[in-house]
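Have a look at the structure below before the remarks.
Every chain is numbered from 1, with letters handed out A, B, ... down the list of sequences.
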Protein chains: 2
Amino acid sequence: MEREKQILANYIKEKGLRKTPERFAILEKIAEYKGHFTVDELFAYMHEKNFPVSRSTLYNAVELFLECNLIERHTFDSNVAYYERKFNKEPHNHQICTVCGKITKHRNRDLTRQIKHVGFRGFKVESYQLNLYGICKKCQREAQKNIEK
Amino acid sequence: MEREKQILANYIKEKGLRKTPERFAILEKIAEYKGHFTVDELFAYMHEKNFPVSRSTLYNAVELFLECNLIERHTFDSNVAYYERKFNKEPHNHQICTVCGKITKHRNRDLTRQIKHVGFRGFKVESYQLNLYGICKKCQREAQKNIEK
DNA sequence: ATGTATGCAAACCATTTGCAATGAC
DNA sequence: GTCATTGCAAATGGTTTGCATACAT
């Protein structure tokens, strides 16, 4: 957390921006999320935690955090942007259950290594998103039960 | 094309829907796209080709084609949905140049095979999207030129 | 005849923009 | 004091919805 704040502070100084309390409070609250969050969820969470900020400020902050690589954005299949902390995390994949909608994250180093070199026609891969769509174990079981009935 | 129409016709019959001229005209025009298209582009294209249909009808059709697996949808990083024909195509990846925005498609069978088995905790992978973000060869060259100046 | 599909207009909703007031420097 | 940032309200734009009319069955 301290390192993340440091990164943000450095970036702010470097770009001649301003160290507002809002930005650091938002960064702190984001750190409490284990998985993904939307701006709307974050908006509610900030209010709940007695540090209400406007949506404008959230969008502004989130943009800033993206710039200094503290978070990343996913759109999956909807029109809503999902964010998650990026700092110190290895690249990972998302598996989305098309039945219950649950999103799970996991890593696979071999695959990551391979993907980094899969660029075509001299394309230099800097990051990637791998989304797996399918059916989670739980939903597979439920489906099986329904067949057996 | 005939097989795609057949698939659509079958699906329509099976679900008790209706074989409207719009649906088949839209399917035909979609087949003329080599890459991705948005609903807005398709809207303009249908008018251009003297088969004007409303946006409602397009959204309806596109939803139907998704259901019978004739097309697929990607959101990449924006809030706009991109569609492309799926029929008879092997799974492929997208590489998106973060400088010029160009989207290129390519395949890699080894990778595809591997990805299909990467499901975690019993997750059964049915499809996937792999988006590579980075810099295309052309933009790398331009960047190089600017450094040399 | 029945009820699905179309097309128009209005509604939706996440995100963006404009702008006056605030506050970091 | 200067000017970036905040917060409010309004605008934007892709997508969705409601509903009367048209038309596939």
Side-chain angles (χ1 to χ4, degrees), chain A residues 5 8-29 36-47 49-68 71-84, chain B residues 5 8-30 36-47 49-68 70-84:
Chain A
K5 285 187 182 172
L8 178 57
N10 291 345
Y11 188 82
I12 282 175
K13 178 165 266 179
E14 179 192 320
K15 294 276 176 181
L17 305 173
R18 286 176 188 175
K19 276 182 83 170
T20 66
E22 285 84 356
R23 285 171 173 169
F24 288 84
I26 295 167
L27 186 61
E28 263 180 27
K29 291 293 166 278
H36 305 94
F37 59 89
T38 63
V39 166
D40 226 57
E41 284 162 7
L42 189 53
F43 179 78
Y45 194 56
M46 295 299 298
H47 280 256
K49 292 291 178 175
N50 295 314
F51 202 111
V53 290
S54 71
R55 284 196 164 74
S56 318
T57 302
L58 285 176
Y59 280 108
N60 178 330
V62 141
E63 208 57 43
L64 180 63
F65 301 165
L66 282 171
E67 274 174 41
C68 49
I71 61 175
E72 56 186 67
R73 166 163 51 197
H74 305 281
T75 50
F76 299 122
D77 239 355
S78 67
N79 299 329
V80 196
Y82 291 84
Y83 300 88
E84 66 175 322
Chain B
K5 285 187 182 172
L8 178 58
N10 291 346
Y11 188 82
I12 283 175
K13 177 166 266 180
E14 179 193 320
K15 294 277 174 179
L17 306 174
R18 286 177 189 175
K19 277 182 82 169
T20 66
E22 286 84 355
R23 286 171 172 169
F24 288 84
I26 295 168
L27 186 61
E28 263 180 27
K29 292 293 166 277
I30 281 179
H36 305 95
F37 59 89
T38 63
V39 165
D40 226 56
E41 284 162 7
L42 189 54
F43 180 79
Y45 194 56
M46 295 299 296
H47 279 254
K49 291 292 179 176
N50 295 313
F51 202 111
V53 291
S54 71
R55 284 196 163 74
S56 318
T57 303
L58 285 177
Y59 280 108
N60 177 330
V62 142
E63 208 57 43
L64 181 62
F65 301 165
L66 281 172
E67 275 174 40
C68 48
L70 289 168
I71 62 176
E72 57 186 66
R73 166 162 51 195
H74 305 281
T75 50
F76 299 122
D77 238 354
S78 67
N79 298 328
V80 196
Y82 290 83
Y83 300 87
E84 67 175 323

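- For B/Arg18 against C/dG3, a side-chain-to-base donor-acceptor contact under 3.5 Å is present.
- Residue B/Tyr59 has no polar side-chain atom (N or O) positioned under 4.0 Å from OP1 or OP2 of D/dT16.
- Atom CE of A/Met46 and atom P of D/dG7 are 10 Å apart (whole Å).
- The interatomic distance linking B/Lys15 (NZ) with D/dT25 (P) rounds to 18 Å, in whole Å.
- Heavy-atom nearest nucleotides on DNA chain C were determined for A/Lys19 and for B/Glu22, and the one closer to the 5' end corresponds to B/Glu22.
- Rounding to whole angstrom units, CD1 of residue A/Ile12 and C1' of C/dA24 are separated by 11 Å.
- Toward the 5′ end of DNA chain D lies the nearest nucleotide of B/Arg73, the other residue of the pair B/Pro21 and B/Arg73 mapping further downstream.
- Comparing B/Pro52 and B/Gly16 against DNA chain C, the residue whose closest nucleotide sits nearer the 5' end is B/Gly16.
- Between C/dC13 and A/Asn79, no contact under 4.0 Å exists linking OP1 or OP2 to a side-chain N or O.
- Between the P atom of D/dG7 and the CZ atom of A/Arg23 lies a distance of 11 Å, rounded to the nearest Å.
- The CZ atom of B/Phe24 sits 11 Å away from the P atom of C/dT6 (whole-angstrom rounding).
- Listed nucleotides C/dT15, C/dG7, D/dG7 differ in distance to A/Ser54; the shortest reach to its side chain belongs to D/dG7.
- The distance from the OH atom of A/Tyr83 to the CG atom of A/Leu58 is 10.0 Å, given to the nearest 0.5 Å.
- Here the shortest heavy-atom pairing between A/Ser78 and B/Thr75 reads O-CG2, 3.8 Å.
- A/Leu17 and A/Arg23 get closest at one heavy-atom pair: CB-NH1, 4.1 Å.
- Ranking C/dT17, D/dT15, C/dT6 by closeness to the B/Asn60 side chain, first place goes to C/dT6.
- Close to D/dG7, at under 4.0 Å from its OP1 or OP2, lies a side-chain N or O of A/Thr57.
- Atom pair A/Tyr82:OH and C/dT15:C1' shows a separation of 15 Å (rounding to whole Å applied).
- Here the P atom of nucleotide D/dG14 and the NE2 atom of B/His74 are 19 Å apart, to the nearest Å.
- Here the C1' atom of nucleotide D/dG14 and the CD atom of B/Glu63 are 14 Å apart, to the nearest Å.
- Between B/Phe43 and B/His47, the ring planes are tilted. Angles from 30° to 60° get that label.
- No hydrogens or angles were tested; on distance alone, nothing pairs the side chain of B/Thr20 with the base of D/dC23 as donor and acceptor under 3.5 Å.
- In this model, the phosphate group of C/dT15 is not approached by any side-chain N or O of A/Arg55 to a distance below 4.0 Å at OP1 or OP2.
- Rounding to the nearest 0.5 Å places NZ of A/Lys29 at 10.5 Å from CD1 of A/Ile26.
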